[in-house]
Amino acid sequence: EAGVAQSPRYKIIEKRQSVAFWCNPISGHATLYWYQQILGQGPKLLIQFQNNGVVDDSQLPKDRFSAERLKGVDSTLKIQPAKLEDSAVYLCASSPPQGRKLFFGSGTQLSVL
Amino acid sequence: AQSVTQPDIHITVSEGASLELRCNYSYGATPYLFWYVQSPGQGLQLLLKYFSGDTLVQGIKGFEAEFKRSQSSFNLRKPSVHWSDAAEYFCAVAQTGANNLFFGTGTRLTVIP
């Protein structure tokens with residue numbers, strides 16, 4: 001079974017630039033999550049999708065972050081414009097409809113200079 | 001609001017020694033509890049989870065954890081640590097009926113020969 005796929009693996013940008021991350025969840029998983037993991041901290045939920053609808057985006061900085069899951073499968077997380085404090089690993093996870101087990105991708109490591 | 005505390009930032013153990021990683025949670029009802037492991041450059045892998053029933057749960061790689069309601073704890077244990085267990089360990093809690101996870105800050109495990 002293929003796991004959660006994320007790209008790119010690494011990204012280096014300058015502050016005020018924009019960046020986008022892509023996630024392909026495990027086939028059949030209705031729920032998709034984006035987490036932000038700052039160095040030395042645990043992952044923090046940014047946004048949760050159920051199919052193509054948003055379940056929870058209370059922790060998403062909506063002035064600069066946006067995310068979409070148009071067809072209920074792949075998802076894109078965008079940051080525009082980026083700030084230094086956005087440097088982190090962005091993890092995508094998915095879970096099946098009936099379970100509470102989250103499957104995580106390897107993440108995208110973002111460095112904002 | 002739920003929260004998770006992992007009081008040990010870094011633990012060093014000798015290979016073959018026993019291990020206990022501490023986790024305390026704050027939540028009004030019985031939570032769902034999880035332990036995840038993260039190797040460098042990798043996503044998070046689920047070690048074990050507790051939803052209800054037997055308070056001692058067995059996981060993968062020889063790990064186990066015990067839920068103690070009176071102490072609001074869910075400590076992770078392993079009787080004999082292997083060098084490959086060196087990684088970051090995260091405790092997480094989810095609300096009853098929800099899938100979203102709240103993570104602790106993690107404990108980094110170093111294993112010495």
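In what follows, chains carry the letters A, B, and so on, assigned in the order in which the sequence lines appear, proteins first and then strands, with residues in each chain numbered from 1.
- A donor-acceptor pair is defined here as one N or O able to donate and one able to accept, closer than 3.5 Å; no such pair exists between the side chain of B:Gln42 and the backbone of A:Gly105.
- In summary, the aromatic rings of B:Phe102 and B:Phe34 are positioned with their centroids too far apart to meet the 6.0 Å limit.
- The backbone N or O of B:Asp8 lies less than 3.5 Å from a partner atom in the side chain of B:Thr107, making a donor-acceptor pair.
- For chain B, the nearby parts of A:Leu102 are the backbone and the side chain; heavy atoms of each come within less than 4.5 Å.
- The six-membered or imidazole ring of B:Tyr32 lies near that of B:Phe51, with a centre-to-centre distance under 6.0 Å.
- Looking at A:Gln41, the atoms closer than 4.5 Å to chain B (heavy atoms on both sides) all sit in the backbone: N, CA, C or O.
- Contacts of B:Leu44 with chain A are made by both backbone and side-chain atoms, with heavy-atom separations under 4.5 Å.
- Only the side chain of B:Gln38 comes within less than 4.5 Å of a heavy atom of chain A; its backbone N, CA, C and O stay farther away.
- Using a distance-only test at 3.5 Å, with no hydrogens or angles considered, a donor-acceptor pair links the side chain of B:Asn75 to the main chain of B:Cys23.
- Counting heavy-atom pairs closer than 4.5 Å to chain B, the top residue among A:Lys44, A:Gln109, A:Gln6, A:Gln37 is A:Gln37.
- Both the backbone and the side chain of B:Leu101 come within contact range of chain A, with heavy atoms under 4.5 Å apart.
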